[in-house]
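This report refers to the structure that appears directly beneath it.
Since we're looking at a predicted model, the values are computed, not measured.
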Amino acid sequence: MTAVHNHVLRQLLRGRKKVPLATLQTALADVRRRYGVAGDDAVAAPDDMVVAVFPRSMPIAEVGRRLQSQLD
């Protein structure tokens with residue numbers, strides 16, 4: 001999620017005057033779908049949040065696998 005936010009923020013910092021809100025919303029929805037956090041029709045509850053900490057050196061595929069196994 002942070003990477004998606006930072007991607008949009010970098011566009012702003014590089015001089016793009018406006019980045020449509022839909023750009024951020026679409027990217028965040030894509031991340032949620034990829035990690036199985038929410039389906040296309042799902043509406044997250046206000047407190048529906050997971051915070052996880054992993055070593056920087058852990059491969060992203062392993063992070064995804066561990067998150068998925070814990071959230072199932």
Side-chain angles (χ1 to χ4, degrees):
M1 294 297 204
T2 302
V4 169
H5 172 269
N6 289 346
H7 172 71
V8 173
L9 182 60
R10 278 192 298 276
Q11 289 181 38
L12 291 169
L13 294 174
R14 289 183 178 151
R16 229 177 130 182
K17 293 195 190 300
K18 289 186 178 183
V19 177
L21 178 58
T23 300
L24 179 60
Q25 290 171 327
T26 301
L28 290 173
D30 183 50
V31 167
R32 291 175 57 97
R33 274 191 299 277
R34 285 176 190 246
Y35 286 96
V37 177
D40 291 333
D41 299 287
V43 175
D47 63 345
D48 188 19
M49 183 182 307
V50 174
V51 176
V53 178
F54 294 93
R56 183 185 308 253
S57 61
M58 184 177 290
I60 190 69
E62 180 63 13
V63 171
R65 187 192 69 72
R66 289 185 184 195
L67 286 171
Q68 188 67 46
S69 71
Q70 291 297 312
L71 294 174
D72 283 343

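Thr23 is linked by a side-chain contact (heavy atoms from CB on, under 4.5 Å) to Val8, Val19, Pro20, counting only residues two or more places apart in sequence or in another chain. For Ala52, the side-chain contact (heavy atoms from CB on, under 4.5 Å) partners at least two apart in sequence or on another chain are Phe54, Leu67. Remark: Gln25 pairs with no residue by the side-chain hydrogen bond (donor to acceptor under 3.5 Å, both in side chains) rule, at least two apart or across chains. In this structure Arg34 satisfies the salt bridge (charged side-chain N to carboxylate O under 4.0 Å, His left out) test together with Asp30, sequence neighbours excluded. Considering only residues two or more places apart in sequence or on other chains, Leu28 meets the side-chain contact (heavy atoms from CB on, under 4.5 Å) condition with Met1, Val4, Leu24. Legend: residues meeting salt bridge (charged side-chain N to carboxylate O under 4.0 Å, His left out) with Arg65, ordered by chain and number and at least two apart, are Glu62.
Between atom CG of residue Leu9 and atom OG1 of residue Thr2 there is a gap of 11.5 Å, rounded to the nearest 0.5 Å.
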